[in-house]
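Quick notes on the structure that follows.
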Amino acid sequence: MLFCRLIRHAFSTATQPKPKSIRAISEDLYRERNLKRLVHKFKESSEIYRFRTKSPIYEETVRRLATAKGFNAIEEMLEHQKKYPDFADEGFAVRILSLYGKAGMFDNAQKVFDEMPERNCVRTVLSFNALMGACVNSKRFDMAEKIFKEVPEKLSVEPDLVSYNILIKAFCKMGSFDSAVLVLEKMEKKGVKPDVITFNTILDCLYGNQRFSDAKKIWGVMVEKNVVPDIRSYNAKLMGLALEKRSKEGAELVKELRSSGVEPDVFSFNALIKGFVGEGNLEEAKRWYGELVKSGCAPDKWTFEMLVPFSCEKGDVEYGFELCKDIFQRRRLASAAMLQPVVDGLVKASMIEQAKELVKLGNTNSYKRFNLKLPSDE
């Protein structure tokens, strides 16, 4: 009898499939291109508790579906999550709420917030902030002020620094700069100390809209409050200088930063490049691209989108060709509409071999095919 039981046990364990690892599940979801199957697999995987703890998988799947305008699929997938006991935990509910916000589905986010008490889920300033964030991510900026005024009293919660920062961001996105600045005064009355994120949000807004005198005042308040500016603070100023066509001042600012031990990042260099492109100065734009590479920063999509068309416009197709090679070497995303004029310019300049090389790189690389053509092929 014992022998028979051992045999049966051996056969039963041998036929049981080995559970897939979370990594294997994640890779399978990433490879899935059919949205219906993707949602089905996601819901199936949600039965595994460990899977439900992996926020990045949720984030990436919702991002993909939102990009494909698969909003019904997002709703099906996220509503399914409410069946699990995890939803009684505020952190899990906030994740679902926030994902709806990032997908631009504010009404669904509001519904999650409203349903939390029914599911024995306590709402604190954490879920309040998530709802505020969903307003901003869904571009329902007007709702942010309404929620800020009404919800804290209903929940008996006190808005914190994060709450105020989100409200400031909403006002900035609406273009209500003065309202954003007034929030600073309200924070002071409530004893909430602004941080560098608070000031950076306002500075981004003011410099981006070329309100230099107002930005200078806010910078002064930041210093007065003993809030140390970070690289993003300086990047906001650099972008403002670029928009004002004061790129030489921007270049001096970067030198000052370096001498004070603050290293510029790719956004700093991009701001300078944008400025010199706007001023029609290719040589300076090229120089700062060289500084960007020398610094160890990686040029991004925006860097190339500024420089490649500008080099063609200025007739320097050879430099445009070098930039395009850099794009492929770094595996950066680009558009055929940006690359094809370089091919055309090379042919026009009788640089046929370089044109052929660029077409080959565009059409045979391992990460994206661009369908580039020599003019004679059309």
Side-chain angles (χ1 to χ4, degrees), residues 66 98 100-107 109-110 128-152 159-190 192-225 227 229-247 249-250 253 267-268 270-272 274-275 277-279 301-302 305-306:
S98 299
Y100 272 131
K102 288 175 182 177
M105 302 168 70
F106 176 73
D107 292 339
Q110 177 79 67
F128 167 64
N129 288 341
L131 186 62
M132 289 280 292
C135 289
V136 173
N137 288 327
S138 300
K139 304 190 190 310
R140 297 283 293 276
F141 308 122
D142 56 320
M143 286 294 295
E145 184 180 14
K146 184 174 186 290
I147 288 169
F148 191 90
K149 285 179 178 177
E150 296 176 2
V151 173
D160 61 9
L161 175 60
V162 175
S163 318
Y164 284 103
N165 283 347
I166 296 171
L167 180 62
I168 286 172
K169 187 172 184 178
F171 280 133
C172 287
K173 291 288 186 182
M174 283 194 290
S176 302
F177 317 125
D178 297 331
S179 297
V181 173
L182 285 173
V183 175
L184 279 176
E185 296 176 16
K186 187 172 183 178
M187 291 172 73
E188 190 170 351
K189 288 176 185 174
K190 290 286 186 177
V192 179
K193 292 183 179 180
D195 63 0
V196 72
I197 294 172
T198 315
F199 288 106
N200 284 347
T201 304
I202 299 174
L203 289 171
D204 272 341
C205 182
L206 294 174
Y207 280 124
N209 286 274
Q210 296 173 269
R211 291 179 57 163
F212 263 80
S213 59
D214 291 326
K216 189 175 181 180
K217 289 175 191 173
I218 292 299
W219 196 286
V221 174
M222 178 168 64
V223 173
E224 185 184 302
K225 298 286 183 187
V227 176
D230 62 9
I231 191 60
R232 187 179 160 190
S233 316
Y234 289 105
N235 286 347
K237 185 181 279 193
L238 284 167
M239 185 53 68
L241 290 167
L243 292 170
E244 287 268 295
K245 296 191 175 179
R246 293 160 59 187
S247 299
E249 291 176 54
L253 179 58
F267 301 104
S268 317
N270 278 348
L272 281 175
K274 178 181 174 63
V277 166
E279 292 170 30
K301 185 182 177 185
W302 190 38
E305 284 178 348
M306 290 186 290

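Every value quoted in this text rests on a predicted model; they were computed, and no experiment measured them. Hydrogens, waters and symmetry mates are skipped; everything else that's a heavy atom, side chains included, is used. Residue numbers run from 1 in the order of the sequence given.
Listed by first and then second residue, the side chain to side chain donor-acceptor pair (under 3.5 Å) pairs involving residues 195-207 are Asn165-Asp195, Asn165-Thr198, Asp195-Thr198, Asn200-Asp230, Asn200-Ser233, Asp204-Arg232 (not counting sequence neighbours).
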Show which side-chain atoms of residues 174-185 pair as donor or acceptor with protein atoms under 3.5 Å away, not counting sequence neighbours.
residue	atom	partner	partner atom	Å
Asp178	OD1	Arg211	NH2	3.3

Listing, residues 134-145 side-chain donor-acceptor contacts under 3.5 Å, not counting sequence neighbours, or none:
residue	atom	partner	partner atom	Å
Asn137	ND2	Gly133	O	3.3
Ser138	OG	Gly101	O	3.2
Ser138	OG	Ala134	O	2.9
Glu145	OE2	Lys149	NZ	3.4

Exercise for the section: Decide yes or no on side-chain contact (heavy atoms from CB on, under 4.5 Å) for Leu161 and Lys193, but give the supporting numbers first. Expected result: CA-CA 7 Å; Leu161 175 60; Lys193 292 183 179 180; over 6 Å; no
Problem - Tyr234 vs Trp219, ring pair (Phe, Tyr, Trp, His ring centres under 6.0 Å): CA-CA, chis, key distance, verdict - result: CA-CA 10 Å; Tyr234 289 105; Trp219 196 286; 5.3 Å; yes
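Contacts of Lys146 classified as side-chain hydrogen bond (donor to acceptor under 3.5 Å, both in side chains), with partners at least two apart in sequence or in another chain: Glu150. A search for ring pair (Phe, Tyr, Trp, His ring centres under 6.0 Å) contacts involving Tyr164 returns Phe148, not counting sequence neighbours. For Ala103, the side chain to side chain contact (heavy atoms under 4.5 Å, CB included) criterion is met by Val62, Ala66, Ile74, Met105, not counting sequence neighbours. Tyr100 pairs by the side-chain hydrogen bond (donor to acceptor under 3.5 Å, both in side chains) definition with Glu79, not counting sequence neighbours. Considering only residues two or more places apart in sequence or on other chains, Glu279 meets the side-chain hydrogen bond (donor to acceptor under 3.5 Å, both in side chains) condition with Ser247. Every side-chain hydrogen bond (donor to acceptor under 3.5 Å, both in side chains) that Asp160 has, sequence neighbours left out, goes to Asn129, Ser163. Contacts of Glu224 classified as side chain to side chain contact (heavy atoms under 4.5 Å, CB included), with partners at least two apart in sequence or in another chain: none. Among residues two or more places apart in sequence or in another chain, the side chain to side chain contact (heavy atoms under 4.5 Å, CB included) test is passed with Ser268 by Ile231, Asn235, Leu238, Pro264, Asp265. The side chain to side chain contact (heavy atoms under 4.5 Å, CB included) test applied to Val227 returns Val196, Phe199, Met222, Lys225, not counting sequence neighbours.
Crowding of Ile197 atom CD1: a count of heavy atoms from other residues, nucleotides or ligands under 6.0 Å not exceeding 12. Enclosure of atom CD in Gln210 by more than 12 non-hydrogen atoms of other residues, nucleotides or ligands within 6.0 angstrom is indicated.
Ile147 CD1 to Leu131 CG: the interatomic distance, rounded to the nearest 0.5 Å, is 4.0 Å. Annotation: the span from Ile166 atom CD1 to Lys169 atom NZ amounts to 8.5 Å, rounded to 0.5 Å.
Looking only at side-chain heavy atoms (C-beta outward), Met239 and Phe267 stay at 4.5 Å or farther from each other. You'll find the side chain of Leu203 stays beyond 4.5 Å of the side chain of Lys237, heavy atoms only.
For the pair Met187 and Ile168, the tightest heavy-atom approach, listed with the atom from each and the gap, is SD-CD1, 4.1 Å.
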